[in-house]
Student: 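Could you have a look at this structure, given as structure tokens, before my questions?
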Amino acid sequence: MSSAHRFDRGHTDDLMSFLAASPSPYHAVATTAERLQKAGFREVAETDAWDGQAGGKFVRRGGAIIAWYVPEGATPASPFRIVGAHTDSPNLRVKPLPDTGAHGWRQVAVELYGGTLLNTWLDRDLGLSGRLTLRDGSHRLVVVDRPLLRVPQLAIHLDRGVNQDGLKLDKQRHMTPIWGLGDVHEGDLIRFVAEEAGLAADEVAGWDLMTHSVEAPAYLGRDRELLAGPRMDNLLSVHAGVAALTTAATSASLPSIPVLAAFDHEENGSQSDTGAEGPLLGTVLERSVLARGGTYEDRARAFAGTVCLSSDTGHAVHPNYAERHDPGHHPMPNGGPILKVNVNQRYATDGHGRALFAAACERAGVPWQHFVSNNSMPCGTTIGPITAARHGITTVDIGVAILSMHSARELCGSDDPHLLASALTAFLEG
């Protein structure tokens, strides 16, 4: 490693472990909950009465988790400081009738989830993960973290023009993974997955299963200044948010109540009971106010003073496609987190939010960068505008600049995860 390049190896190594342990949103929630419990947070059930005691609490629902820390001396009108993120990533998800095949091949029927970059799932060894729902209504997490599935690409001999004309993939016909040879038998896949989870097939009443690349996260580059891995969009932000919240919980003085809100279904619009457009965050925050003896007036005052940093990955300038980026805004890996701006409110940042983010970075000693899209290429969006509009709270869109967004394997700077976590910590403590 060159002397000019330094990064927090411990934080980045820990992110790699987090990514590997979280192949599905349900696993990401379980991994997050385990870390919160080790930091002294306790889980509360939505169906139970909540108390107003100081300390850390969290609630989880499916692929979403919300955690908060009430400091000693907090009043019912104390504002919140929220780090928002999401647990889901684009991938291939198992259909209700998964057993299929043709011409002697056994295959698994899948549906495309989110804005999947299809070609990155070709010729890649895939595992299977998610949750099983049992007949008694309980859930069991399951992961097959070994080469099980593969979407084979057509050989160049049978598609001579592929390198000239471009790869053309039919989402229905060309993305069905193979997992063996022989006759197709209904129920085979679920019998196999149930056995992997230590269950009998007749115990399983439903499933939410998805593919994941079994290739481990890894450092890349001569000086290991880059990090390659799956699901950085957006588990990188979830991991940084957990680190920031558990650190803030040890602070001697907190003027606000720090919160981590990690939602599911951001990649397909956030419209679900575990998505940012659902009522989960507002319900949790309001119940926290009421549990501390608050009134509607206290709730209104608390929300009026609340700020959310919506942390999601953004685009680093691509060296082979620089013309696709705004010519005046070229975020670079290891340049610190990016402030994402779109005047049409695809991102929620305004001038006031910029000042809040800049102050947090300054307190943390963290560099930061601007991101804005090329006018000819409208940008995507995040949970930021949804959070701002639904709850009426100041929201700022930020994140880490990456390459290969929505690929099965993405790329970021190895400094940036720690820089983001440091900025988030300063924000939650400030």
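Any value given below was found using the heavy atoms of this structure, including those in side chains, with hydrogens, waters and symmetry copies removed.
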Student: Could you tell me how the ring of His325 sits relative to the ring of His330: parallel (under 30°), tilted (30 to 60°) or perpendicular (over 60°)?
Tutor: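 Judged by the thresholds at 30° and 60°, the geometry between His325 and His330 is perpendicular.
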Student: Looking at Gly430 and Ser256, what are the two nearest heavy atoms and their distance?
Tutor: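 Reported closest heavy-atom pair: O-OG, 4.5 Å.
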Student: Judged by modelled atom types alone, do Ser310 and Asp397 share a side-chain donor-acceptor pair under 3.5 Å?
Tutor: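 Yes, side-chain donor-acceptor contact under 3.5 Å.
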Student: Can a donor-acceptor pair be found between the side chains of Asp145 and His212 at a distance below 3.5 Å?
Tutor: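 Indeed, the side chains of Asp145 and His212 share at least one donor-acceptor pair under 3.5 Å.
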Student: Test salt bridge (Lys or Arg N to Asp or Glu O under 4.0 Å) on Asp51 and Arg42; report intermediate values, then the result.
Tutor: CA-CA 12 Å; Asp51 62 61; Arg42 61 184 173 91; 2.7 Å; yes
Student: I need the Leu339 CG to Gln369 CD distance, nearest 0.5 Å.
Tutor: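 Taking CG in Leu339 and CD in Gln369, the distance rounds to 11.0 Å.
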Student: Identify the heavy atoms of Gly127 and Val214 that sit nearest to each other, and give their distance.
Tutor: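 Heavy atoms only, the tightest pair is N-CG1, 3.4 Å.
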Student: Which residue pairs pass the ring-ring contact (aromatic ring centres under 6.0 Å, His included) test when at least one of the two sits in residues 32-79, sequence neighbours left out?
Tutor: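 Residue pairs with at least one partner in residues 32-79: Trp50-Trp68.
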Student: Kindly determine whether Val108 and Thr100 satisfy side-chain contact (heavy atoms from CB on, under 4.5 Å), including the steps that lead there.
Tutor: CA-CA 6 Å; Val108 175; Thr100 188; 5.8 Å; no
Student: Closer than 3.5 angstrom, by distance alone: can the side chain of Glu196 be matched with the main-chain N or O of Val142 as a donor-acceptor pair?
Tutor: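 Not at all, since once roles are kept as given, no pair shorter than 3.5 Å links the two residues.
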Student: On a heavy-atom basis, which atom in Pro98 and which in Ile190 lie closest, and how many Å separate them?
Tutor: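 Nearest heavy atoms, Pro98 then Ile190: CG-CG1, 4.5 Å.
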Student: With Arg390, which residues qualify under salt bridge (Lys or Arg N to Asp or Glu O under 4.0 Å), at least two apart?
Tutor: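 With neighbours one apart ignored, the set is empty.
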Student: Would you give the length of the straight line joining atom CG of Asn344 to atom OG1 of Thr381, rounded to the nearest 0.5 angstrom?
Tutor: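 Nearest 0.5 Å value for the CG-OG1 distance: 11.0 Å.
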Student: Under the side-chain contact (heavy atoms from CB on, under 4.5 Å) rule, what do Thr32 and Val238 come out as? Steps first, then yes or no, please.
Tutor: CA-CA 8 Å; Thr32 298; Val238 176; 3.7 Å; yes
Student: State, without any angle test, whether Arg124 and Thr120 hold a side-chain donor-acceptor pair at a distance under 3.5 Å.
Tutor: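 Side chains of Arg124 and Thr120: no pair found under 3.5 Å.
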Student: CG of Asn375: more than 12 outside heavy atoms within 6.0 angstrom?
Tutor: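 No, not enclosed.
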Student: State whether the side chain of Thr250 and the backbone N or O of Thr247 hold a donor-acceptor pair below 3.5 Å, judged by distance alone.
Tutor: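 Pair found, side chain donor or acceptor close to backbone of Thr247.
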Student: Pairing donors with acceptors under 3.5 angstrom, does anything connect the side chains of Ser24 and Ser129?
Tutor: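 No, Ser129 and Ser24 have no side-chain donor paired with an acceptor closer than 3.5 Å.
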Student: Please check this pair: side chain of Asp99 against backbone of Leu189, looking for a donor-acceptor N/O pair closer than 3.5 Å.
Tutor: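 Yes; judged by distance alone, with no hydrogens or angles, the pair exists.
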Student: Is the backbone N or O of Gly275 less than 3.5 Å from a side-chain atom of Ser270, with the two atoms forming a donor-acceptor pair by type?
Tutor: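 No.
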Student: Applying side-chain hydrogen bond (donor to acceptor under 3.5 Å, both in side chains) to Tyr347 and Asp312, what does each step give before you reach the verdict?
Tutor: CA-CA 11 Å; Tyr347 303 131; Asp312 204 345; over 6 Å; no
Student: If you round to the nearest 0.5 Å, how far is CG of Leu309 from CZ of Phe357?
Tutor: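 One finds 7.0 Å between CZ of Phe357 and CG of Leu309.
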Student: Show your working on side-chain hydrogen bond (donor to acceptor under 3.5 Å, both in side chains) between Asp88 and Tyr113 and close with a plain yes or no.
Tutor: CA-CA 9 Å; Asp88 59 316; Tyr113 177 80; 2.6 Å; yes
Student: Please lay out, stage by stage, how Lys38 and Glu34 fare under the test salt bridge (Lys or Arg N to Asp or Glu O under 4.0 Å).
Tutor: CA-CA 6 Å; Lys38 287 182 178 178; Glu34 181 181 356; 3.6 Å; yes
Student: For Glu323, look at atom CD and say whether over 12 heavy atoms of other residues, nucleotides or ligands are found less than 6.0 Å away.
Tutor: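 It does: Glu323 CD has more than 12 such atoms within range.
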Student: Just to verify, which of Thr313, Thr116, Asp233 counts as forming a side-chain hydrogen bond (donor to acceptor under 3.5 Å, both in side chains) with His406?
Tutor: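 Answer after filtering Thr313, Thr116, Asp233: Asp233.
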Student: Donor-acceptor check, side chain of Asn334 to backbone of Ser414, threshold 3.5 angstrom: yes or no?
Tutor: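 Side chain of Asn334 to backbone of Ser414, a donor-acceptor pair under 3.5 Å: yes, one is there.
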Student: Applying side-chain contact (heavy atoms from CB on, under 4.5 Å) to Leu126 and Leu148, what does each step give before you reach the verdict?
Tutor: CA-CA 6 Å; Leu126 304 175; Leu148 178 69; over 6 Å; no
Student: Taking Asn234 for the side chain and Ser311 for the main chain, is one N or O donor matched with an acceptor at less than 3.5 Å?
Tutor: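 Yes: the side chain of Asn234 pairs with the backbone of Ser311.
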Student: State, to 0.1 Å, how close Glu215 and Arg409 come at their nearest heavy-atom pair, and which atoms those are.
Tutor: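 Closest approach of Glu215 to Arg409, heavy atoms only: O-NH1, 3.4 Å.
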Student: Would you say CD of Glu111 has more than 12 non-hydrogen atoms from neighbouring residues, nucleotides or ligands within 6.0 angstrom?
Tutor: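 At most 12 heavy atoms, drawn from other residues, nucleotides or ligands, come within 6.0 Å of this atom.
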Student: Please tell me if the side chains of Phe80 and Leu285 come closer than 4.5 Å, counting only heavy atoms from C-beta onward.
Tutor: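 Phe80 vs Leu285: side chains touch.
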Student: Would you please indicate if the ring centroids of His11 and His239 are separated by under 6.0 Å?
Tutor: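 Yes, close enough.
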Student: Could I get the full list of salt bridge (Lys or Arg N to Asp or Glu O under 4.0 Å) partners for Glu286, not counting sequence neighbours?
Tutor: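 Glu286 satisfies salt bridge (Lys or Arg N to Asp or Glu O under 4.0 Å) with Arg299 only.
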Student: Going by salt bridge (Lys or Arg N to Asp or Glu O under 4.0 Å), name the pairs with one or both residues in residues 336-363, residues two or more places apart or in two chains.
Tutor: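 For residues 336-363: none.
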Student: Which residues satisfy the salt bridge (Lys or Arg N to Asp or Glu O under 4.0 Å) test with Asp273, sequence neighbours excluded?
Tutor: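 Per chain and number, Asp273 pairs via salt bridge (Lys or Arg N to Asp or Glu O under 4.0 Å) with Arg61.
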Student: Specify the closest pair of heavy atoms between Pro417 and Ala240, including all atoms of both residues, with the distance to one decimal.
Tutor: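 Between these two residues, the closest heavy atoms are O-CB, 4.4 Å.
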Student: Is a donor from one side chain sitting under 3.5 angstrom from an acceptor on the other, for Thr133 and His139?
Tutor: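 Per modelled atom types, Thr133 and His139 side chains form a pair under 3.5 Å.
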Student: Taking atom types as modelled and ignoring hydrogens, do the side chains of Thr425 and Ser422 form a donor-acceptor contact shorter than 3.5 angstrom?
Tutor: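 No.
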Student: As an exercise, state the distance from CG of Leu149 to CD1 of Ile178, rounded to the nearest 0.5 Å.
Tutor: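 It is 9.0 Å, given to the nearest 0.5 Å.
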Student: Test your reading of the model: is there a side-chain donor-acceptor pair from Ser404 to the backbone of Ser407, 3.5 Å cut-off?
Tutor: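 No: the side chain of Ser404 does not pair with the backbone of Ser407.
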Student: Has the side chain of Asp123 got a donor or acceptor atom that lies under 3.5 Å from a matching backbone atom of Gln153?
Tutor: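 Yes, because the side chain of Asp123 sits within donor-acceptor range (under 3.5 Å) of the backbone of Gln153.
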Student: Between Asp14 and Arg35, does the side-chain contact (heavy atoms from CB on, under 4.5 Å) criterion hold? Intermediate values first, please.
Tutor: CA-CA 12 Å; Asp14 190 61; Arg35 290 171 176 240; 2.5 Å; yes
Student: Which atoms form the tightest heavy-atom contact between Val372 and Asp326, and what is the distance?
Tutor: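 What the structure gives for the nearest pair is O-CB, 3.5 Å.
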Student: Suppose the criterion is ring-ring contact (aromatic ring centres under 6.0 Å, His included): which pairs have a residue in residues 279-312, not counting sequence neighbours?
Tutor: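 Of all non-adjacent pairs touching residues 279-312, none passes ring-ring contact (aromatic ring centres under 6.0 Å, His included).
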Student: When you measure from the side chain of Ser78 to the backbone N and O of Ala74, does any donor-acceptor pair fall under 3.5 Å?
Tutor: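 Flag not set: sc Ser78 to bb Ala74 has no pair under 3.5 Å.
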Student: Is Lys57 reaching over with its side chain to a backbone N or O of Ala54, donor-acceptor style, under 3.5 angstrom?
Tutor: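 Between the backbone of Ala54 and the side chain of Lys57 there is no qualifying donor-acceptor contact (under 3.5 Å).
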